[in-house]
Amino acid sequence: MKKPHAVRTAIGTVVSSALVITALAACAPQGSGDAPSDGPVEILIGNRPAATEQARRDYFDQEVKAFTAEHPDITVTVTEDGWDPQTFSARLAAGDLPTVVGVPFTEIRGLIARGQVAEVGDAAKQAGLTDLLNPQLASMVTGPDDKLYGVPTSAYAMGLVYNRALFTAAGLDPAQPPTTWDEVRTASATIAKTTGRYGFAQVTKDNQGGWVLGAQIASRGGSLVDDDGKKATFDSPAGADALTLLKDMRWTDESLSPNGLMGAQDLAQAFGAGQVGMFVLQSDAYQPLTELLGFPPADFGFAAMPTVKAGEAPVTLSGGNIDIVSPDATEPQKRAALEWIRFHHFGKFENEDTARAAAQVLADQGTAVAIPGLPVVTAEIYERYLGWISEINNVPVANFRPYLDRVAEQEVRSEPPTSGQDIYAVLDPVVQAVITDQNADIKALLADANARVQSVLGR
């Protein structure tokens, strides 16, 4: 596992030969069919894969060719340019942005507030995208005016990763993982007592300690900052409860790993070796664990984020990519851009042949085909997609059922809109202190960290 921003996007389609790329393009879905013709229009599409990723670049280029063949009135130029917070405003002022470019979830609220992104609701509707989108994610790209300002194209959601084999060894049912934090504590203690392994582990450094703590706080109804990102809010009952649970598992139950400087690689190795029963991260952890560390796929389990009370809807922290359209785009360019977004990112969810062809490429390479997570489409469309590729998918989808069964009901929240990494860096030592110091004063730790983050937000 890598640092947060390196692992938070869904695994892209990787192709191994020009023949496969051509086959996939031949299976590309037809467009919405009812979008009005605007006559000749030109758009510039960003985020073309770099030359160092030749297979992905070839696939992208073939997609562009297939798209323009289907839309002869649309002329497409491509560029490798993507999101760069250091140059975005200057390029916008110079009129030098791609028509379509991907940005992180964390940026969209600021872009909307500053008028730096086009409103695309009508274009999305005409392209046939509106009814496809996961409404939880669509709400994250909806402005205060109730208009749409982007299209989520990949997303992750935090959840509970667990070792099904350790659950079985401890007498726990791997098909019924914990759904509340109290149940997590009980299961952790049971695993430690019956197997001699740690029931739970927590990353604590490289900004990931603060990131995961933020997800745990959110799952309790709290937050790291307010909606505007201007006020630190984690010195709260939710913050104290999240840290108290870690402290209790570490010092009272002795079921939490005592490694107070645990990085993502340390956690992956411990879990991969069967030394840890549970931890919080996103479902994409499946791939490095199984493909790089040899963890048995059948032993990997993933469940929704635990809640405070039984029966509550899970709250998950999410991130990923949003495709936005330049605010300088004309209405015809907006419609062309949204047609491209649907064609390129949503084809496999609409066309069974496209879904199966793309899945077969990954299966032939021996890499994970479809790791269940937070879908960018509705839960119903996602389940249909998983059904289309069920005979090809090499990922044990049944092991993700405790998550998938709650996808539609969970509440999705974004990471802090500003200074996220700075906030996480301040919180890392707080998590470390709770794990390494039995007498750690949680109230004092939170108050001090909250004040430090507030000074960062006030710069």
Side-chain angles (χ1 to χ4, degrees), residues 8-10 32 35 83 85 88 92 97-158 218 221 223-231 233 313-331 333-342 344-346 349-350 373-382 407-418 420:
R8 296 181 188 181
T9 56
S32 58
W83 168 254
F88 183 87
L92 176 61
L97 283 180
T99 314
V100 183
V101 68
V103 303
F105 272 41
T106 50
E107 302 297 329
I108 191 64
R109 280 185 281 177
L111 294 174
I112 294 172
R114 295 188 296 271
Q116 295 179 317
V117 57
E119 189 277 314
V120 294
D122 289 343
K125 184 176 181 179
Q126 291 177 15
L129 270 170
T130 305
D131 293 336
L132 300 178
L133 293 178
N134 180 338
Q136 301 159 326
L137 297 181
S139 66
M140 298 175 71
V141 292
T142 300
D145 55 2
D146 292 328
K147 295 182 178 180
L148 195 71
Y149 286 87
V151 179
T153 57
S154 67
Y156 76 83
M158 305 292 279
S223 62
L224 296 183
V225 297
D226 64 7
D227 289 342
D228 295 328
K230 297 180 180 179
K231 181 180 180 181
T233 56
V315 179
T316 185
L317 196 65
S318 180
N321 180 78
I322 296 168
D323 269 15
I324 64 167
V325 175
S326 168
D328 295 331
T330 64
E331 289 301 320
Q333 286 177 321
K334 289 183 187 180
R335 287 189 282 270
L338 270 293
E339 287 286 350
W340 160 255
I341 291 170
R342 177 178 179 178
H344 182 54
H345 294 288
F346 291 82
F349 298 118
E350 297 188 83
L374 182 61
V376 296
V377 293
T378 67
E380 294 78 13
I381 292 174
Y382 192 62
V407 160
E409 66 177 285
Q410 72 181 351
E411 178 184 347
V412 180
R413 296 186 183 179
S414 181
E415 294 182 59
T418 59

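Positions are given from 1, in the same order as the sequence printed here. Owing to the predicted nature of the structure, the values given are computational and were not obtained by experimental measurement.
Side chains of P135 and T378 form a contact here, defined as non-hydrogen atoms less than 4.5 Å apart. In this structure the side chain of F346 reaches within 4.5 angstrom of the side chain of V151, judged on heavy atoms. Considering only heavy atoms from C-beta on, S139 stays 4.5 Å or farther from V412 through its side chain. Counting heavy atoms from C-beta outward, V120 and V141 have side chains that stay 4.5 Å or more apart. Residues Q410 and L374 are in side-chain contact: their nearest non-hydrogen atoms beyond the backbone lie under 4.5 Å apart.
Within a 6.0 Å radius of CG in D145, other residues, nucleotides and ligands contribute more than 12 heavy atoms. More than 12 heavy atoms of other residues, nucleotides or ligands lie within 6.0 Å of CG in D328, so this atom counts as buried by the packing criterion.
The two atoms that bring L111 and F88 nearest to each other are CD2-CE2, 3.5 Å, heavy atoms only. In terms of heavy atoms, F349 sits closest to V376 at CE1-CG2, 3.9 Å. Looking at every heavy atom in both residues, V225 comes nearest to P417 through CG2-CD, 4.0 Å. Scanning both residues, L92 and Q116, for their nearest heavy atoms gives CD2-CG, 3.4 Å. Scanning all heavy atoms of the two residues, the minimum distance from Y382 to V377 falls at N-CG2, 3.8 Å. Here the shortest heavy-atom pairing between V407 and G373 reads CG2-O, 4.3 Å.
The main-chain N or O of E415 is never found under 3.5 Å from a side-chain atom of T106 such that the two would form a donor-acceptor pair. Of the possible polar contacts, one joining the D226 side chain to the K230 backbone as a donor-acceptor pair under 3.5 Å is found. At distances below 3.5 Å, at least one donor-acceptor pair connects side-chain atoms of T316 with backbone N or O atoms of M158.
Between N321 and T153, the side chains place a donor N or O and an acceptor N or O closer than 3.5 Å (distance only, hydrogens not considered).
Tested against L137, the residues P375, S414, P152 include a single side chain to side chain contact (heavy atoms under 4.5 Å, CB included) partner, P152.
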V315 and R413: side-chain contact (heavy atoms from CB on, under 4.5 Å), yes or no, with the steps?
CA-CA 7 Å; V315 179; R413 296 186 183 179; 3.6 Å; yes
Report the C-alpha separation of L132 and R342 in whole Å, then their side-chain angles, then the decisive distance to 0.1 Å, and conclude whether the side-chain contact (heavy atoms from CB on, under 4.5 Å) test is met.
CA-CA 9 Å; L132 300 178; R342 177 178 179 178; 4.1 Å; yes
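Comment: E331 engages K334 in a salt bridge, judged by a side-chain N to carboxylate O separation of less than 4.0 angstrom.
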